[in-house]
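In what follows, a single structure is set out as structure tokens and then discussed.
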Amino acid sequence: MSSEVLLVVAHGSRDPRHAATVHALVRRVRSLRPGLRVETAFLDFNLPSVPGTLDRLAAEGVRDVVALPLLLTRAFHAKADIPAVLRQAPPSLRIHQAEVLGPSPLLIAALEHRLYEAGLAPDDKRSTGVVLASAGSTDPEAIAAIAETARELRRTGWCSVRPAFASASLPRTEDAVRAMRADGVRRVAVAPYVIAPGRLPDRIAAGAAEADVLADVLGPSEELARLLLRRHDECRTAERVAVA
């Protein structure tokens with residue numbers, strides 16, 4: 001029995017595509033590091049729940065859990081919901097909360113991977129603008145992180161990159177697409193900056209109706225799976241340094 005577990009904590013959704021995508025991503029993480037036990041739990045809507053999973057791990061004799069938020073930014077779920085539920089863990093568990101996924105060069109690589117899968121090529125960058133469409137947040141730290149990701153994506157050579165949001169913030173995806181057209185951008189692509197399908201990603205897709213290219217969600221990409229492992233390793237390293 002493994003004494004350490006990487007627990008991927010996803011938000012959950014009524015849309016069955018969400019949980020299916022999360023499980024596919026976790027399977028990819030396991031394939032990259034077979035010696036690491038990786039479990040999945042959800043904050044809402046889906047099972048297994050985080051409390052139920054933590055109880056089960058404690059009963060199995062697990063001692064250390066790296067709880068990794070499957071989130072791209074540090075907004076309310078990362079700052080409040082997840083810490084609150086982790087505080088209810090059985091006392092026999094040592095819980096270490098890893099950092100959220102973004103920003104990261106691996107996310108930039110995953111976004112470009114999806115854009116290329118949608119039909120673009122590196123030679124198209126100079127004539128293509130990208131709308132980086134996220135779910136949205138009212139948290140200033142989250143908005144700043146998305147803006148930073150847009151700047152980093154722009155530095156890879158795309159002629160223009162604009163953030164857009166499906167909720168809570170402006171501009172909406174369709175407005176960002178139209179603004180790029182007004183700026184004279186010849187080709188406009190929408191890159192969903194979301195991990196799994198669901199209601200808000202569907203809203204992003206609808207807002208991309210006037211774009212030339214719509215990429216897929218990040219999903220179970222190799223880059224994202226590698227990023228989960230990187231955040232796990234960083235958390236464990238930080239814990240060892242703190243103990244030393």
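With rounding to the nearest 0.5 Å, the separation of OH in Y193 from OG1 in T149 is 3.5 Å. Atom CZ of R199 and atom OG of S13 lie 8.5 Å apart (nearest 0.5 Å). For the atom pair L57 CG and E39 CD, the distance stands at 6.0 Å (nearest 0.5 Å). Note that CG of L214 and CD1 of I204 are 9.0 Å apart. Values are rounded to the nearest 0.5 Å. Between atom OG of residue S134 and atom CG of residue L200 there is a gap of 9.5 Å, rounded to the nearest 0.5 Å. A distance of 12.0 Å separates OG in S104 from CD in E99, rounded to the nearest 0.5 Å.
A donor-acceptor pair under 3.5 Å is formed between the side chain of S169 and the backbone N or O of S137. No side-chain donor-acceptor contact under 3.5 Å links R74 to the backbone of A142. Using a distance-only test at 3.5 Å, with no hydrogens or angles considered, a donor-acceptor pair links the side chain of S31 to the main chain of R28.
A salt bridge does not link E152 with R154: none of the charged nitrogens is closer than 4.0 Å to a carboxylate oxygen. One finds a salt bridge joining E112 and K125 here, because a Lys/Arg side-chain nitrogen approaches an Asp/Glu carboxylate oxygen to under 4.0 Å. Contact check on R230 versus E223 returns no salt bridge, with no Lys/Arg side-chain nitrogen under 4.0 Å from an Asp/Glu carboxylate oxygen. Using a 4.0 Å cut-off between charged side-chain N and carboxylate O, D175 and R178 make a salt bridge.
Put simply, V22 and V29 are part of the same group of oily side chains (I, L, V, M, F, W, Y) that touch within less than 4.5 Å, one to the next. Both V130 and I146 are part of a single hydrophobic cluster, where members link through side-chain heavy atoms under 4.5 Å apart. Under a hydrophobic-cluster definition in which Ile, Leu, Val, Met, Phe, Trp and Tyr are linked whenever side-chain heavy atoms come within less than 4.5 Å, directly or via other members, V194 and L25 are assigned to different clusters. Transitive grouping of hydrophobic side chains (ILVMFWY, heavy atoms separated by less than 4.5 Å) keeps V131 and L153 in distinct clusters. Note on V217 and L227: separate hydrophobic clusters, where clusters join Ile, Leu, Val, Met, Phe, Trp and Tyr whose side-chain heavy atoms are under 4.5 Å apart, directly or indirectly.
Between A176 and A164 the shortest heavy-atom distance is CB-CB, 3.9 Å. In terms of heavy atoms, F165 sits closest to R172 at O-CD, 3.2 Å. Between V185 and C159, the shortest heavy-atom distance links the atoms CG1-SG, 3.9 Å. The two atoms that bring L120 and A189 nearest to each other are CD1-CB, 3.8 Å, heavy atoms only. Across P69 and Q97, no two heavy atoms sit closer than the pair CG-NE2, 3.9 Å. Nearest heavy atoms, A67 versus L86: CB-CD1, 3.7 Å.
The side-chain contact (heavy atoms from CB on, under 4.5 Å) search around P90 returns L54, D55, A58, S92, L93, not counting sequence neighbours.
Residues L7 and L68 are not in side-chain contact: their nearest non-hydrogen atoms beyond the backbone lie 4.5 Å or more apart. Between V213 and V188 the shortest side-chain heavy-atom distance does not fall below 4.5 Å. Side-chain contact between N46 and H18 is present, with heavy atoms from C-beta onward closer than 4.5 Å. Proximity of P220 to R27: side-chain heavy atoms (C-beta onward) are nowhere separated by under 4.5 Å. Inter-residue side-chain proximity for I195 and L224 is flagged as met; some heavy-atom pair is nearer than 4.5 Å. Under the 4.5 Å side-chain criterion, counting only non-hydrogen atoms from C-beta, R231 is in contact with L101. Residues W158 and T156 meet the side-chain proximity criterion, which asks for heavy atoms closer than 4.5 Å. Here the side chains of P103 and E148 are in contact, with some heavy-atom distance below 4.5 Å.
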Is there a side chain to side chain contact (heavy atoms under 4.5 Å, CB included) between T40 and H23 once you walk through the steps?
CA-CA 7 Å; T40 310; H23 288 306; 4.1 Å; yes
Take S221 and R114, measure what side chain to side chain contact (heavy atoms under 4.5 Å, CB included) needs, and give me the verdict at the end.
CA-CA 9 Å; S221 65; R114 292 300 187 224; 3.7 Å; yes
R186/D212 under salt bridge (charged side-chain N to carboxylate O under 4.0 Å, His left out): CA gap, chis, key distance, verdict
CA-CA 9 Å; R186 194 170 75 189; D212 301 291; over 6 Å; no
Please assess V161 against R151 for the test side chain to side chain contact (heavy atoms under 4.5 Å, CB included), listing each intermediate value before the final yes or no.
CA-CA 7 Å; V161 178; R151 288 191 295 270; over 6 Å; no
For the pair V66 and R236, evaluate side chain to side chain contact (heavy atoms under 4.5 Å, CB included) and give the outcome as yes or no after the intermediate values.
CA-CA 8 Å; V66 173; R236 297 302 286 142; 3.2 Å; yes
May I have the step-by-step check of salt bridge (charged side-chain N to carboxylate O under 4.0 Å, His left out) for R181 and E210, ending in yes or no?
CA-CA 10 Å; R181 296 278 193 219; E210 296 179 22; over 6 Å; no
For salt bridge (charged side-chain N to carboxylate O under 4.0 Å, His left out), just list the numbers for D233 and R33, CA-CA rounded to whole Å, side-chain angles, deciding distance to a tenth of an Å, and then say yes or no.
CA-CA 12 Å; D233 295 345; R33 191 172 296 178; 2.7 Å; yes
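Between the side chains of E141 and T73, no donor N or O sits under 3.5 Å from an acceptor N or O. Residues H232 and E4 bring a donor and an acceptor atom of their side chains to less than 3.5 Å of each other. Between the side chains of D64 and H96, at least one donor-acceptor pair of N or O atoms lies under 3.5 Å.
Remark: of the listed residues I82, D81, D139, T138, D81 is the sole one forming a side chain to side chain contact (heavy atoms under 4.5 Å, CB included) with F76. Of the residues L106, L32, V8, the one that meets the side chain to side chain contact (heavy atoms under 4.5 Å, CB included) test with L228 is V8.
Other residues, nucleotides and ligands contribute at most 12 non-hydrogen atoms within 6.0 Å of the CZ atom of R14.
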